[in-house]
Amino acid sequence: MGFGVGIGSLISPLYISELAPSKYRGRLVVLNCLGITGGQLIAYAIGAGLNHVNNGWRILVGLSMIPPAIQFVSFLFLPDTPRYLIMKNKTEAAEKVLMRTNPHASLENVKLKILDLQEEDLLSDCKNPFKKWWNVVLELHRVPSNFRALFLSCALQAIQQYTGFNSLMYFSSTIFKAIGFNNSTAVSLIVAGTNFVFTIFAFFIIDKVGRRLILLISIFLMTCFLVLNAIAFHFIEITFKHNSAVVLGNIHTWGIVIIVSMICFVASYAIGLGNVPWQQSELFPQKVRGIGTSYATASNWGGSLIISATFLTMLENITPTGTFSLFAGFCVLSFILIFFCYPELSNLELEEVQELLTGGFHVKKSMQLAKARKNGAPPTIEKDTPESLNSV
Ligand SMILES: O[C@H]1[C@H](O)[C@@H](O)[C@H](O)[C@@H](O)[C@H]1O
């Protein structure tokens, strides 16, 4: 199951962003996140329903076979992406796919796009598969624009996990039980539900507001609610020992503050940080995209593993106030990093993004460019890729 989820979480956003027209790329990748958060909500709900059923977990595992089976059959009808088809010299097929995914584009524009893709593909001409793979790995690290893309994609995925969201996903019922809410499963369902609903909200605004701004707003709000949480836990005077909690302070008022601030934290996460890192494919040029995004996906799951393995120990050893303050600290550092390094990529062609990352992060330029493209201006960056040509 882990193998399948690992591969699926890498391929789905990659496939979507290669196929999507640049104008809708953001929201189409958010659809993938909607699938994840919606799936989590359904799984929580079924889990709650089967809580008291004997061997209920078997039913839960059995039911989880249904979505992949549907996906497997649907995949048989999906086309390859134009970039992949060009790589395989199937120009006509690539043209057909482009016409299908951009029904309003003229034939002339589609041909121009094919030329662009062919030009890009010419950069990889090695036949030996292992050497080709090694060349790509080298190119990912040696070409400065690729390395910047790698840095940004891995950093965003790590930030998504190290700011602590999944500790709520995995342990919200433990936390809520500890502060006296007996129907903790219901509260956990609210957490998953909020995540899902606000991902829908992100779907509608991401391409309009832009990834950068939405990320900054998301992380700023998360910081505020984490700090509020840390304060509330301080006044509850709670300590964890061997997974059970001892409460000394006033649980009623501060308990409500904790629930409300956690729900607001989840909503803030879902509008930005929950989905922007999955736009990772758009940072890389075609040649290194597969390997680059697999690094980034590994950073995500690595972070998820570390947080789930250490969260309860952190509650015990540095108290809940310390734990949520630590997450808030990560949020502040993340905000600074994104503010200075993450360019605005909405509405840009995938090929333009690579040129933007050449010679720096070009945050200011990216914002002007994204704004111009949003207002209908055609691609303006000059088409030369000296860094890639000089590589390896
Ligand atoms: O984007 C997703 C989503 O936010 C999920 O709710 C979360 O559990 C995953 O770790 C994350 O990658």
Side-chain angles (χ1 to χ4, degrees), residues 1-2 4-17 25-47 64 67 152-175 187-203 205-206 211 214-215 217-219 221-222 225-226 262-283 293-311 327 330-331 334 338:
M1 201 183 242
V5 171
I7 294 192
S9 63
L10 165 71
I11 304 287
S12 313
L14 183 91
Y15 180 80
I16 296 171
S17 57
R25 193 174 60 237
R27 58 168 65 178
L28 289 176
V29 174
V30 176
L31 267 188
N32 179 52
C33 295
L34 265 178
I36 300 174
T37 53
Q40 285 173 324
L41 179 60
I42 294 172
Y44 267 53
I46 298 178
S64 68
L152 285 176
S153 59
C154 291
L156 280 195
Q157 288 288 20
I159 288 170
Q160 187 193 69
Q161 296 302 324
Y162 290 110
T163 43
F165 168 77
N166 273 326
S167 59
L168 286 194
M169 239 19 215
Y170 306 148
F171 302 110
S172 50
S173 51
T174 312
I175 299 173
V187 193
S188 309
L189 268 177
I190 295 178
V191 168
T194 309
N195 191 21
F196 178 62
V197 169
F198 279 84
T199 308
I200 301 182
F201 182 60
F203 172 81
I205 61 169
I206 188 159
R211 327 250 200 269
I214 214 175
L215 254 188
I217 295 174
S218 165
I219 295 182
L221 293 175
M222 282 168 70
F225 293 117
L226 279 170
M262 277 189 179
I263 289 170
C264 294
F265 167 76
V266 172
S268 316
Y269 164 89
I271 59 166
L273 193 56
N275 52 71
V276 177
W278 289 114
Q279 312 277 345
Q280 54 191 10
S281 313
E282 67 188 5
L283 287 157
T293 48
S294 58
Y295 275 47
T297 307
S299 310
N300 178 291
W301 289 112
S304 170
L305 178 70
I306 291 176
I307 289 299
S308 53
T310 55
F311 182 67
F327 291 150
F330 280 138
C331 277
S334 309
I338 290 165

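Start at 1 and go down the list; that is how both ligands and their atoms are numbered. Just so you know, residue 1 is the first one in the sequence shown, and it goes up from there.
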Peer 1: Identify the protein heavy atom lying closest to atom 12 (O) of ligand 1, giving its residue, its atom name and the separation to 0.1 Å.
Peer 2: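 Going by distance alone, atom 12 (O) of ligand 1 is nearest to Q160 OE1, 2.8 Å.
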Peer 1: Only heavy atoms of N300, strictly under 4.0 Å: list the atoms of ligand 1 that pass.
Peer 2: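 By the 4.0 Å cutoff, the relevant atoms are 12 (O).
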Peer 1: To the nearest 0.5 Å, what is the distance between CG (L215) and CD1 (I159)?
Peer 2: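 Between L215 CG and I159 CD1, I get 8.0 Å after rounding to 0.5 Å.
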Peer 1: Give me the residue, atom name and distance of the protein heavy atom closest to atom 2 (C) of ligand 1.
Peer 2: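 Nearest protein contact, heavy atoms only, for atom 2 (C) of ligand 1 is W278 NE1, 3.7 Å.
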Peer 1: Rounded to the nearest 0.5 Å, what separates atom CG in L189 from atom CZ in F196?
Peer 2: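 Between L189 CG and F196 CZ, I get 13.0 Å after rounding to 0.5 Å.
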Peer 1: Quick check on contacts: which atoms of ligand 1 are under 4.0 angstrom from a heavy atom of Q40?
Peer 2: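 Answer, ordered by atom number: 5 (C), 6 (O), 7 (C), 8 (O).
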Peer 1: With heavy-atom distances below 4.5 Å as the criterion, would you say the side chains of T37 and I200 are in contact?
Peer 2: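 Not touching, per the 4.5 Å side-chain cut-off.
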Peer 1: For M222, which of F265, F327, F330 qualifies under side chain to side chain contact (heavy atoms under 4.5 Å, CB included)?
Peer 2: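 Exactly one pass, corresponding to F265.
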Peer 1: Give yes if a backbone or side-chain nitrogen or oxygen of T37 is under 3.5 Å from a nitrogen or oxygen of ligand 1, and no if not.
Peer 2: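 No; every N/O pair is 3.5 Å or more apart.
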Peer 1: Backbone, side chain, both or neither: what part of N166 comes under 4.0 angstrom of ligand 1, heavy atoms only?
Peer 2: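 It is the side chain that touches ligand 1; the backbone stays farther off.
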Peer 1: Quick one: does N275 get an N or O within less than 3.5 Å of an N or O on ligand 1?
Peer 2: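 In fact, backbone or side chain, N275 has no N or O that close.
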Peer 1: So is Q161 in contact with ligand 1, going by heavy-atom distances below 4.0 Å?
Peer 2: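 Yes, Q161 has heavy atoms under 4.0 Å from ligand 1.
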Peer 1: Rounded to the nearest 0.5 Å, how far apart are CD of Q157 and CH2 of W278?
Peer 2: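 Nearest 0.5 Å value for the CD-CH2 distance: 4.5 Å.
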Peer 1: Working to the nearest 0.5 angstrom, can you tell me the gap between L283 CG and L152 CG?
Peer 2: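 Result: 6.0 Å between the selected atoms.
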Peer 1: Provide, to 0.1 Å, the distance between atom 1 (O) of ligand 1 and the closest protein heavy atom, together with that atom's residue and name.
Peer 2: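 Here the nearest protein heavy atom works out to G274 O, 2.6 Å.
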Peer 1: Is C33 in polar range of ligand 1, meaning some N or O pair under 3.5 Å apart?
Peer 2: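 N/O-N/O distance under 3.5 Å: no.
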Peer 1: Picking from S281, P13, S12, what satisfies side chain to side chain contact (heavy atoms under 4.5 Å, CB included) with V29?
Peer 2: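 Per the side chain to side chain contact (heavy atoms under 4.5 Å, CB included) rule, the option paired with V29 is P13, out of S281, P13, S12.
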Peer 1: Would you say Y170 and S304 are linked by a side-chain donor-acceptor pair, where the criterion is simply a distance under 3.5 Å?
Peer 2: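 Y170 and S304 do have a side-chain donor-acceptor pair below 3.5 Å.
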Peer 1: Look at atom 4 (O) of ligand 1 and say which protein heavy atom is nearest, naming residue and atom and giving the distance to 0.1 Å.
Peer 2: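 Here the closest protein heavy atom is Y269 OH, 2.7 Å.
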